[in-house]
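Computed from heavy atoms alone, side chains included, the values below leave out hydrogens, waters and symmetry copies. Bear in mind that the values here come from a model prediction, so they are computed numbers and not experimental data.
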Amino acid sequence: MISTPPPTPTLEDFHSQLRRHKLKATRQRIAVHEVMMDLGHASVDMVREQLESRGSKVTAASVYNILSQLADLRIYSRRLSSTNKMFFDINTFRHIHLYDRENHTFRDVLDEELHSLITSHMKRRKFRGYTVEDIDIQLIARPTTRKSRNV
């Protein structure tokens with residue numbers, strides 16, 4: 001069964017999350033979040049380029065620090081591409097990712113049934129010396145030559 005995603009966190013939600021973590025809603029944090037609301041999944045460079053195109057002057061180091069802090073607080077999550085480039089994800093709800101290895105983009109795959117099947121299977125598995133804390137599913141793909149339909 002394909003599920004309906006929760007809505008992307010709004011600016012108001014973001015302000016609430018910052019307050020909960022006792023962080024100020026600085027101009028730079030707000031600008032970064034507005035870009036992330038548009039992009040969904042993005043690298044530091046992608047966010048910085050968008051900020052620059054919108055007239056905001058924020059250094060790559062500041063963007064990285066903001067995104068990393070938000071990921072550490074679990075307001076965003078991290079995604080690693082097949083080329084080991086860090087991407088950030090505004091959607092922290094449970095979902096699967098499809099990584100396009102040619103275009104270096106991520107898409108959300110909303111398939112609760114598949115995620116549940118994998119999770120229930122893995123819960124039965126034991127790994128000596130380890131406790132599985134979470135399951136993160138990433139499908140790696142490349143575009144087909146014909147026009148593909150949306151996932």
Side-chain angles (χ1 to χ4, degrees), residues 1-101 103-123 125-127 129-141 150-151:
M1 168 175 78
I2 296 175
S3 58
T4 304
T8 298
T10 65
L11 212 43
E12 187 176 311
D13 297 333
F14 185 64
H15 280 278
S16 295
Q17 291 171 321
L18 292 176
R19 277 193 301 275
R20 189 170 56 246
H21 292 289
K22 296 179 176 45
L23 293 175
K24 292 181 180 175
T26 64
R27 178 187 55 78
Q28 290 182 334
R29 283 187 183 123
I30 298 302
V32 166
H33 184 69
E34 288 174 338
V35 168
M36 287 299 293
M37 286 189 326
D38 291 341
L39 297 177
H41 304 89
S43 67
V44 169
D45 294 333
M46 292 167 71
V47 172
R48 190 193 52 74
E49 287 169 10
Q50 281 292 312
L51 288 167
E52 194 173 283
S53 74
R54 296 175 185 197
S56 293
K57 301 229 188 262
V58 183
T59 66
S62 292
V63 172
Y64 174 80
N65 290 336
I66 290 167
L67 291 170
S68 292
Q69 181 183 43
L70 296 174
D72 289 345
L73 296 171
R74 298 186 180 191
I75 294 171
Y76 295 164
S77 61
R78 289 179 173 90
R79 305 270 0 119
L80 195 59
S81 74
S82 65
T83 59
N84 290 326
K85 186 168 187 168
M86 183 61 63
F87 283 73
F88 295 86
D89 186 358
I90 196 170
N91 295 318
T92 58
F93 59 86
R94 189 169 87 163
H95 61 287
I96 299 168
H97 285 94
L98 177 72
Y99 175 70
D100 177 338
R101 70 174 350 148
N103 297 301
H104 307 289
T105 57
F106 286 91
R107 294 174 77 178
D108 291 339
V109 176
L110 306 173
D111 192 330
E112 186 60 37
E113 182 180 11
L114 176 60
H115 206 288
S116 294
L117 284 168
I118 293 168
T119 300
S120 67
H121 175 78
M122 295 310 293
K123 280 183 180 178
R125 299 280 319 269
K126 300 292 180 204
F127 300 96
Y130 291 93
T131 301
V132 175
E133 294 178 346
D134 195 14
I135 296 175
D136 182 15
I137 304 166
Q138 179 168 297
L139 308 171
I140 301 171
N150 288 338
V151 175

* Got a sec: does the CZ of Phe127 have more than 12 other heavy atoms crowding it under 6.0 Å? -> yes
* Asked: What closest approach, in Å, do Ala25 and Leu18 show between heavy atoms, and which atom pair accounts for it?
  -> CA-CD1, 3.7 Å
* Asked: What closest approach, in Å, do Ile135 and Thr119 show between heavy atoms, and which atom pair accounts for it?
  -> CD1-CA, 3.7 Å
* Asked: Is any side-chain heavy atom of Lys85 less than 4.5 Å from a side-chain heavy atom of Asp45?
  -> yes
* Asked: Can you tell me how far the OG atom of Ser16 sits from the NE2 atom of His21, to the nearest 0.5 Å?
  -> 11.0 Å
* Beyond-backbone contact of Thr26 with Val32, side-chain heavy atoms, under 4.5 angstrom -> no
* **With His104 via side-chain hydrogen bond (donor to acceptor under 3.5 Å, both in side chains) - residues at least two apart** => Tyr99
* To do: Using the test salt bridge (charged side-chain N to carboxylate O under 4.0 Å, His left out), find all partners of Arg29 that sit at least two apart in sequence or belong to another chain.
  => none
* Asked: Among all residues two or more places apart in sequence or in another chain, which pass the side-chain hydrogen bond (donor to acceptor under 3.5 Å, both in side chains) test with Glu49?
  -> none
* Distance-only polar pair, side chains of Asp13 and Thr10, donor-acceptor under 3.5 Å -> yes
* To do: Using a 4.5 Å cut-off on heavy atoms from C-beta on, say whether the side chain of Val132 contacts that of Met122.
  => no
* What pairs with Thr59 under side-chain hydrogen bond (donor to acceptor under 3.5 Å, both in side chains), at least two apart in sequence or on another chain? -> Ser62
* Asked: Residues two or more places apart in sequence or in another chain: which of them pass side-chain hydrogen bond (donor to acceptor under 3.5 Å, both in side chains) with Ser43?
  -> none
* To do: Determine whether the side chains of Asp108 and His41 contain a donor N or O and an acceptor N or O closer than 3.5 Å.
  => yes
* Asked: Does a side-chain heavy-atom distance below 4.5 Å link Leu73 with Arg20?
  -> no
* Structure fact -> So the side-chain hydrogen bond (donor to acceptor under 3.5 Å, both in side chains) pairs with at least one residue in residues 75-84 (sequence neighbours excluded) are His33-Tyr76, Asp72-Arg78, Arg79-His97, Arg79-Asp136, Arg79-Gln138, Ser81-Thr83
* To do: Kindly give the heavy-atom pair with the smallest separation between Ala60 and Val44, and that separation in Å.
  => O-CG1, 3.5 Å
* To do: Report the residue from Arg94, His115, His95 that forms a side-chain contact (heavy atoms from CB on, under 4.5 Å) with Leu110.
  => His95
* Spacing of CD belonging to Glu34 relative to CG belonging to Leu39, to within rounding of 0.5 Å -> 12.0 Å
* Asked: Does Asp89 reach the main-chain N or O of Asn91 with its side chain, forming a donor-acceptor pair under 3.5 Å?
  -> yes
* Give a yes or no on whether Arg101 atom CZ has more than 12 heavy-atom contacts from other residues, nucleotides or ligands under 6.0 Å away. => no
* To do: Kindly indicate whether the side chain of Phe87, heavy atoms from C-beta on, has any atom under 4.5 Å from the side chain of Thr105.
  => no
* 4.5 Å side-chain heavy-atom contact, Val35 and Val63 -> no
* Is the shortest heavy-atom distance from the side chain of Ile75 to the side chain of Gln69 under 4.5 Å? -> no
